[in-house]
Amino acid sequence: MAHRPLACVILAAGKGTRMKSDLPKVLHRVAGRPMVGHVLAAVKALDPDHVVVVVGPGMDSVAAAVAPYPTAVQQEQRGTADAVRAAFGLLEGFTGDVVVLYGDTPLVTPDTLRAMVAARRQASDPAVVVLGMRPEDPGAYGRLILNARGGLEKIVEYLDASADERAVTLCNAGLMAFDGARMFDLIGRIGNENAKSEFYLTDVVQIARVSGMACAVVEAAPAEVVGVNSRAELAEVERLMQRRLRKAAMDNGATLCDPDSTLFSHDTRLGRDVIVGAHVVFAPGVTVGDGVEIKPFCHLEQTRVDNGAVIGPYARLRPGAEIGPNAHIGNFVEIKNAVVESGAKVNHLTYIGDARIGAKANIGAGTITCNYDGFGKYHTDIGAGAFIGSNSSLVAPVSIGDGAIVGAGSVVTSAVEADALVVSRAQQKAYVGWAKRFRERKQAEKANKA
Ligand code: UD1
Ligand code: MG
């Protein structure tokens, strides 16, 4: 069959007043990615020939977030049909199929979009396919009115619906698929004689029917088409997305000890037989290899953890942390922009920033890389098999050679040769019997006062 072109239009011009935010609504994040990014990812899976995002005036931040996809500006918020018309210029002459989506409905899946396109291409050749749903509470959604043959006859907006129409439980989820050859004319004919004086995209169905064209419905699970209009709905969508991501992680062979307390990002990648303890947060950009254990209360961001490593509890892996195979990162350890090579151990109360830690090196409790002087960041290099005693400060830029030992409590300010012992702290002095004499003197003073 010849390739039939596909275009996708994402409506994102809404101000999102109810979010009470300075950020455009579609840039609010779900699982670490702006909502509109989720919609684009679903759309991308269909490999469309054109994508247009409709934004409001001045929404440069949205345009930047969706680049390189082009944006069309809807000058005034005059309704969903008017928003689609704003994209017409970029779609001129297009006669393939056009899917219209909402930027604030981020849970929609590629499978549902494919089902809509397939329904659009079925033998009855509907001019419009509408995505329907049956939510528990149909509330103020538009209602889908079917005819006796089960075809779609019209969509009525809640405000314009009669009591009988409001009793219908099949609702408009908002997404539609059009035959591009007929869409421009049909949408061009939509007027604004309704309760809100808006140009309703939903009117397209009745206009198509009056012209004798078929319209069809594809149903989606309500959880897939929840729209975000408020912070509470944003939290609900986040919850649904986390549920989806947790299930995918477990399906792929990870154990989540307490799935409900594990937070993922859209791009978290876990290998096989990874064990994730309770209350672990994966911020964006984390890749974890096979057989890794992440104990409770860890936070990871833009980090790679290789096979067999053990992390936490209470570890923080910041951007640029690369934890090598079988390395151990323990409690209250922060690692930033540092490579920890194979089998190295950083187990307690430590800050490692801008550093390399060689294979099998052992970093004692309380070690700090002093990487920042208030102006620049400097590198610390620790060789393979080196041993850093507890409570050492390594003042960067500095290097510790392979197999060297740093005595506990040292402040290291210049390079240490391989296999050397370096100790840089005050010499220990002992005053024999001093403590006992001190106590006796104090007790005598107290007795004299009494
Ligand atoms: C719309 C549907 C309703 C459906 C509901 C599902 C219409 C007329 N009604 O109602 O049948 O049940 O979605 O959630 O389509 N937008 C623009 N420009 C505009 C107006 C809207 O870009 O001028 C964008 C918004 O940013 C949003 C989307 O279109 O992404 C939907 O707009 P919204 O105002 O939320 O429509 P609803 O009243 O919810
Ligand atoms: Mg809405």
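Remember, it's 1-based here, ligands and their atoms both numbered in the order they're listed.
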Could you tell me whether [X] and [Y] have a side-chain N and a carboxylate O separated by less than 4.0 Å?
X      : Y      : answer
Lys377 : Asp354 : no
Arg120 : Asp125 : yes
Arg246 : Asp258 : no

For this session: Taking the side chain as every heavy atom from C-beta outward, state whether Arg244 and Leu107 have any pair of such atoms under 4.5 Å apart.
Result: yes
For this session: Side-chain contact test, heavy atoms from C-beta onward, threshold under 4.5 Å: evaluate it for Phe282 versus Val276 and give yes or no.
Result: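 Yes. Closest side-chain heavy atoms under 4.5 Å.
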Exercise. Looking at Gln77, which atoms of ligand 1 are within less than 4.0 Å of one of its heavy atoms?
Worked result: 23 (O)
Exercise. Numbering the atoms of ligand 1 from 1, which are under 4.0 Å from a heavy atom of Thr80?
Worked result: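 Numbered from 1, ligand 1 contributes 7 (C), 8 (C), 15 (O), 20 (C), 21 (C), 29 (O), 31 (C), 32 (O).
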Got an N/O contact under 3.5 Å between [X] and ligand 1?
X      : result
Ala13  : yes
Thr202 : no
Glu76  : no
Gly14  : yes
Tyr200 : no
Leu201 : no
Ala83  : no

Exercise. Nearest non-hydrogen atom to atom 38 (O) of ligand 1 belongs to which of Lys196, Glu198, Arg18?
Worked result: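 Result: the heavy atom closest to atom 38 (O) of ligand 1 is in Lys196.
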Seminar exercise, completed: Heavy-atom proximity to atom 28 (C) of ligand 1 ranks first, among Tyr102, Tyr141, Tyr158, for Tyr102
Tell me, please: is [X] in heavy-atom contact with ligand 1, that is, under 4.0 Å?
X      : result
Asp104 : yes
Gly227 : no
Gly79  : yes

For this session: Using a 4.0 Å heavy-atom threshold (strictly under), name the region of Arg78 that reaches ligand 1: side chain, backbone, both or neither.
Result: backbone
Exercise. Taking non-hydrogen atoms only, is Ala173 closer than 4.0 angstrom to ligand 1 via side chain, backbone, both or neither?
Worked result: backbone
Problem set entry | Partners meeting side-chain contact (heavy atoms from CB on, under 4.5 Å) with Arg78 (sequence neighbours left out) | Glu76, Asp82, Phe199
Problem set entry | side chain to side chain contact (heavy atoms under 4.5 Å, CB included) partner of Val228, chosen from Met35, Glu236, His28, Glu238 | Met35
Exercise. Just checking, Arg166 and Tyr158: is the charged tip under 6.0 Å from the six-membered ring centre and within 45° of the axis?
Worked result: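 Ring-cation test returns yes.
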Exercise. Would you call the rings of His279 and Phe297 parallel, tilted or perpendicular if under 30° counts as parallel and over 60° as perpendicular?
Worked result: parallel
Exercise. Distance-only, no hydrogens or angles: does the Thr350 side chain make a donor-acceptor pair with backbone N or O of His348 under 3.5 Å?
Worked result: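 Yes; at least one donor-acceptor contact below 3.5 Å.
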